[in-house]
Amino acid sequence: MGKRKASDDTNPNHDFCEFLSELAEYEKNVTRDIHRYSAYRKAVSVLASHPTRITSGDEARKLKGIGEKIAKKIDEFLQTGKLRKLEAIHSDSTNAAINELTRVTGIGPAKAHSLVKEGITSIEELRKHTDKLTHHQIVGLRHFEDFEKKIPRQEIEQIESVINKELKAMDHDLKITICGSYRRGKAESGDIDTLITHPNFTSDKVDKKHKNNMLKNIVTALEKCGLVTETLSLGESKFMGACKLDLEHPTRRLDIRLIPYDQYYCCILYFTGSDMFNKEMRTHALEKGFTLNEYALRPVGVTGVPGEPVEIHSEEDIFDYMDFPYKKPEERG
DNA sequence: ATGTGAG
DNA sequence: ACTCACATA
């Protein structure tokens, strides 16, 4: 996924959430005021889960997380259909510059701020000052246009078959799964999130060196065959970079994670998403007396202390343990 | 060590 | 929310 955010659209206070989210982003990215940012976020979350339409600031004030200031904004929005503060933000060039610069992967609010302070206010201008950037940011800038393009499903299928072919030749026992929206059956995706494991790599057998080389070797193999073209970062468990199918195709964001065998299915579940589905799944786990994270499903005792991870041999196992009706990846919206 | 950023 | 990788100090 790119750096754009999506928002839900089915709740009765959607329009309030929309402008409050925009104010939150503004406080995070431009003023760098983390407290105001959190305040807006809290207000959005309470409004988003409020079942009925709010019809006045006073009514909103009764909700936890909404005080005088936000209540006034809701009144203004109700009466005039807009917000003066937001109008001002929209016409502010510093804000526009920061929003533009943070679209480059590797550039967050802090870096964008310092660039704007030095007078660099656009992608075009930034291209003349690559000396101010890290490797990650340079690669992000070089492929700026490509990285914002969606990836059609059939292109990921082709990339998947190249990865499978190359890595199975290396070691036939490697298990490879592309997760994210691709696994959920979407027609297009923002990036390619690949999970890899191997039966004799488990979390109790800590072959740090073996593990370290394993991911490096995988990346090297994919570079040799011409698929992987850029590295943003490469550690012992996570590669972030880019790949390109051939000259006719854009450069695509590719992540590869190396996962211990015993954690593979929790990871697949987690990285398949969606985010909303994950939240749903976790709260259900808690209700059933489990704690679920990207590594393991563990029973939580009466003391509140999580026990030993439950043995998992498939994604279905996870659903079964917490009697949650199994949902196919395509149904996890 | 700490801060930044990605996901 | 939490973890990983990186850059800088």
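Hydrogens, waters and symmetry mates are skipped; everything else that's a heavy atom, side chains included, is used. In what follows, every chain begins at residue 1, and chains take the letters A, B, ... in the order their sequences are listed.
- The aromatic rings of A:Phe16 and A:Phe77 lie perpendicular to each other, with more than 60° between the two planes, well past the 30° mark.
- In this structure, A:Arg252 places its CZ atom 15 Å from P of B:dG7, rounding to the nearest Å.
- Nearest nucleotide to the side chain of A:Ser237, out of C:dC4, B:dG7, B:dG5: C:dC4.
- Nucleotide C:dC4 holds its P atom 17 Å from the CD1 atom of A:Ile256, rounded to whole Å.
- The aromatic rings of A:Phe324 and A:Phe277 lie perpendicular to each other, with more than 60° between the two planes, well past the 30° mark.
- With rounding to whole Å, A:Lys132 atom NZ is found 18 Å from C:dA7 atom P.
- Rounded to whole Å, the distance from CZ on A:Arg32 to C1' on B:dG3 is 10 Å.
- The distance between atom CG of A:Asn293 and atom C1' of C:dA1, rounded to the nearest whole Å, is 10 Å.
- Ranking B:dG7, C:dT3, B:dG5 by closeness to the A:Arg253 side chain, first place goes to B:dG7.
- With contacts defined as side-chain heavy-atom distances shorter than 4.5 Å, the pair A:Cys266/A:Glu294 does not qualify.
- Picking from C:dC4, B:dG5, C:dA7 the nucleotide with the shortest atom distance to the side chain of A:Tyr295 gives C:dC4.
- Note: CD (A:Glu236) to P (C:dA5) measures 6 Å, nearest angstrom.
- The side chain of A:Thr105 lies closest to B:dA6, out of C:dA1, B:dA6, C:dA5.
- A:Asp255 comes within 4.0 angstrom of the backbone, heavy atoms only, and of no base.
- Counting only heavy atoms from C-beta on, A:His136 has its side chain closest to B:dA6 among B:dA6, C:dC4, B:dG7.
- Comparing C:dC6, B:dA6, B:dT4 by their closest approach to the side chain of A:Ser233 singles out C:dC6.
- At least one test fails for A:Arg103 against the ring of A:Phe144: distance under 6.0 Å to the centre or angle within 45° of the axis.
- Atom CG of A:Asp191 is separated from atom C1' of B:dG7 by 8 Å (rounded to the nearest Å).
- Taking the charged nitrogens against the carboxylate oxygens, A:Glu18 and A:Lys82 have no contact shorter than 4.0 Å, which rules out a salt bridge.
- Between the P atom of C:dA5 and the CD atom of A:Gln137 lies a distance of 18 Å, rounded to the nearest Å.
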